[in-house]
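On a predicted model such as this, the values are computed, not experimentally measured, just so you know. Side-chain atoms are counted along with the backbone in the values below, which use heavy atoms only and exclude waters and symmetry mates.
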Amino acid sequence: MSTDQDLVTDGLLTHPYAVYDRLRDTAPVHRVTGPDGSPAWLVTRYDDVREALANPLLSLDKRHALPGGYKGFALPPALDANLLNMDPPDHTRIRRLVGRAFTTRRVEQLRAPIRRTADHLLDALGAHGGTDLIAAYAAPLPITVICDLLGVPDGHRRDFRAWTDVLVAPDPARPQAAKEAVVAMLGFFTQLLADKRKEPADDLLSDLIAVRDESGSTGNDRAGSDRAGSDRLSEDELMSLAFLILFAGYENTVQLIGTAVLALLQHPDQLVALRADPTRLPAAVEEFVRYDGPALLAIRRFPLEDVTISDVTVPAGETVLLSLAAANRDPRRFPDADRFDLGRDATGHLALGHGIHYCLGAPLARLETEIALAALLERLPDLRLDGDPGDLRWRPSLRARGLLTLPVTY
């Protein structure tokens, strides 16, 4: 165990993998200052992280947290009753209700619509020129897909992207911005659910509302008052679920597409090999997400009792942060782990979690990334990075890894 370390001043925002290499080699469990300045325990080695992700003694429910520890986003109850804050049986019940919409078979039916969206965005770029690939392609593709799936009107999609950016990477110069974004999102989802109740459509949100309302609820009760049934949602759970699907469905995929493209542009031999054999794309996605995935940390956890991780005892109720990024670069699990290699067997990575909290939207994220890259390889054969890689700007966040911009020419 090391002494307390401030992950912000220690360089994690600017050089995360170098910091994680040092922390992983120094000791497997570190007492650190978390993203909001409160204390936490950081776990960095693959075996420890994998075991902890599936450990039922590590709760996601903030009610088990000690006062003063890191708890994550401060959201109102109407957005906070989501899967990232739940343990079984509530987690099991809600995941079962929505899980069938994200099976590999159901997601595969979205292949053609996703490809049409990708082609439309690339048509807008023209045959040659320069652009910021995040703003022009990597961001609008997943927000379009997830909004179409949920049934979110076109006019609100740009707003949601802005709110999400504020939450993931708060600006210290604008301390009220995150609160304003939360208030705006709460109003947005309240109105959206009301509109869907008046005019249901063929979309996932209308289906979830039907499950909610047909269970015999009035639509006015709040979280926890109607959890007795195995196929029921409280009103807070319904709104929180819509928020989580939209938030995670956009945020993780835009970052994954951006870092995947960057990895290819920085490794031209790998890019040439993938162009020569596009059938390797599904396997390549696993290396993209292992090598530079969108989530540096798993959602925080709180021990229900004292828990020992790699000979370090973490007291009950303290915050545990599991570094997915450090685990995926652990040479004990992946030889030469800092090397980007599309020929590697990257299965077993933890970028999308492990255990009962494995990412619900993983099949969709994989498919979107595969299609986004396939379209780029076909449509923009001369794609190049515009400028010095050292000038690229990364999102200032300990939670999420992603590019602010990706300037390219084609």
Q. Taking it one step at a time, do S234 and D236 satisfy side-chain hydrogen bond (donor to acceptor under 3.5 Å, both in side chains)?
A. CA-CA 5 Å; S234 73; D236 282 352; 5.6 Å; no
Q) Would D148 and R157 satisfy side chain to side chain contact (heavy atoms under 4.5 Å, CB included), going step by step from the backbone distance to the final call? A) CA-CA 10 Å; D148 285 346; R157 299 179 184 189; 2.9 Å; yes
Q) Given the rule in the side chain to side chain contact (heavy atoms under 4.5 Å, CB included) test, do H64 and D87 qualify, once you have shown the distances and angles that lead to the verdict? A) CA-CA 11 Å; H64 297 295; D87 302 324; 4.2 Å; yes
Q) Could you go step by step and tell me if R111 and E370 meet the salt bridge (Lys or Arg N to Asp or Glu O under 4.0 Å) rule? A) CA-CA 10 Å; R111 179 176 290 273; E370 176 192 335; 3.3 Å; yes
Q: Could you give me the CA-CA distance, side-chain angles and deciding distance for L352 and R366, then say whether side chain to side chain contact (heavy atoms under 4.5 Å, CB included) is met?
A: CA-CA 10 Å; L352 300 170; R366 285 185 167 103; 3.7 Å; yes
Q: Please report the C-alpha distance between D159 and F188 in whole Å, then the side-chain angles of each, then the deciding distance to 0.1 Å, and finally whether the side chain to side chain contact (heavy atoms under 4.5 Å, CB included) criterion is met.
A: CA-CA 10 Å; D159 289 337; F188 164 72; over 6 Å; no
**Q.** Candidate pair R50 and N55, rule side-chain hydrogen bond (donor to acceptor under 3.5 Å, both in side chains), full reasoning
**A.** CA-CA 9 Å; R50 187 177 190 276; N55 188 343; over 6 Å; no
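Between E237 and R93 there is a side-chain heavy-atom pair separated by less than 4.5 Å. Under the 4.5 Å side-chain criterion, counting only non-hydrogen atoms from C-beta, P76 is in contact with V182. A heavy-atom distance below 4.5 Å is found between the side chains of P294 and V289. Two residues are said to be in side-chain contact when any heavy atoms from C-beta on lie closer than 4.5 Å; W41 and P315 meet this criterion. Contact annotation: the side chain of L350 never approaches that of Y358 to less than 4.5 Å [non-hydrogen atoms, C-beta and beyond]. Within the 4.5 Å cutoff, the side chain of Q255 has no heavy atoms near those of the R401 side chain. Inter-residue side-chain proximity for L58 and F302 is flagged as unmet; no heavy-atom pair is nearer than 4.5 Å. For the pair K71 and T319, the minimum side-chain heavy-atom distance is 4.5 Å or more.
When atom types are taken as modelled, the side chain of R275 and the backbone of L377 share a donor-acceptor pair closer than 3.5 angstrom. Between the side chain of H349 and the backbone N or O of E287 there is no donor-acceptor pair closer than 3.5 Å. With hydrogens and angles disregarded, a donor-acceptor distance shorter than 3.5 Å links the side chain of R290 to the backbone of N328. In this structure, the side chain of T164 does not engage the main chain of F247 through any donor-acceptor pair within 3.5 Å. The backbone N or O of R24 lies less than 3.5 Å from a partner atom in the side chain of R45, making a donor-acceptor pair. For R100 (side chain) and R106 (main-chain N/O), no donor-acceptor pair under 3.5 Å exists by modelled atom type. Judged by distance alone, the side chain of H357 and the main-chain N or O of H354 form no donor-acceptor pair under 3.5 Å. A distance-only check finds a donor-acceptor pair linking the side chain of T117 to the backbone of P113 [under 3.5 Å]. Under the 3.5 Å distance criterion, the side-chain polar atoms of T405 are left unmatched by any main-chain donor or acceptor of P407. Formation of a donor-acceptor pair under 3.5 Å by the S323 side chain with backbone atoms of T44 is not found in this model.
In the model, D277 has a side-chain atom that pairs as donor or acceptor with a side-chain atom of T279 under 3.5 Å.
The nearest pair of heavy atoms linking G68 to S38 is O-CB, 3.2 Å. Between D61 and R63, the closest heavy-atom pair is OD2-NH2, 2.6 Å. Of all heavy-atom pairs between L205 and L150, the closest is CB-O, 3.1 Å. Nearest heavy-atom pair, K196 versus S206, reported as atom, atom and distance to 0.1 Å: CD-OG, 3.6 Å. D306 approaches A316 most closely through the heavy-atom pair OD1-N, 2.9 Å. Closest non-hydrogen pair, L342 versus A284, comes out as CD2-CB, 3.8 Å.
Heavy atoms of other residues, nucleotides or ligands lying less than 6.0 angstrom from CG of D202 number 12 at most. Heavy atoms from other residues, nucleotides or ligands lying under 6.0 Å from CD of E51 number 12 at most. The number of heavy-atom neighbours closer than 6.0 Å to CD of E199, taken from other residues, nucleotides and ligands shown, is 12 or below. Atom CG of D311 has 12 or fewer neighbouring heavy atoms from other residues, nucleotides or ligands inside a 6.0 Å radius.
Here D269 contributes atom CG and D341 contributes atom CG; the two are 9.0 Å apart, rounded to the nearest 0.5 Å. Separating the CG atom in L238 from the CG atom in L208 is a distance of 6.5 Å, to the nearest 0.5 Å. Once rounded to the nearest 0.5 Å, the distance linking CG of L256 with OG1 of T369 reads 3.5 Å. For the atom pair CZ of F334 and OG1 of T347, the computed distance is 7.5 Å after rounding to the nearest 0.5 Å. Atom CG of L241 sits about 11.5 Å away from atom CG of L79, to the nearest 0.5 Å. Taken from OH in Y17 to CG in L296, the straight-line distance is 6.0 Å, to the nearest 0.5 Å.
D47 meets the side-chain contact (heavy atoms from CB on, under 4.5 Å) test with no other residue; sequence neighbours excluded. Take F340 and apply the ring pair (Phe, Tyr, Trp, His ring centres under 6.0 Å) test, not counting sequence neighbours, and it matches H267, F288, Y291.
Salt bridge status for D336 with R339: present, with a side-chain N to carboxylate O gap under 4.0 Å. Between E251 and R395 there is a salt bridge, with a side-chain nitrogen of the basic residue lying less than 4.0 Å from a carboxylate oxygen of the acidic one. A salt bridge links E318 with R31: the distance from a Lys NZ or Arg NE/NH1/NH2 to an Asp or Glu carboxylate oxygen falls below 4.0 Å. A salt bridge between D21 and R329 is absent, with no side-chain N of the basic residue lying under 4.0 Å from a carboxylate O of the acidic one. Taking the charged nitrogens against the carboxylate oxygens, D25 and R22 have no contact shorter than 4.0 Å, which rules out a salt bridge.
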Residues 131-147 side chain polar contacts: donor-acceptor under 3.5 Å, at least two apart:
from: D132; atom 1: OD1; to: I134; atom 2: N; distance (Å): 3.1
from: D132; atom 1: OD1; to: L406; atom 2: N; distance (Å): 2.8
from: Y137; atom 1: OH; to: A372; atom 2: O; distance (Å): 2.8
from: T144; atom 1: OG1; to: P140; atom 2: O; distance (Å): 2.6

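F160 and W163 have perpendicular rings, their planes meeting at more than 60° on a 0 to 90° scale where under 30° would count as parallel.
Taking the centre and axis of the six-membered ring of Y46, the NZ or CZ atom of R332 falls outside the cone set by 45° and 6.0 Å.
Of the candidates V98, L364, L83, V98 is the only one forming a side-chain contact (heavy atoms from CB on, under 4.5 Å) with I245.
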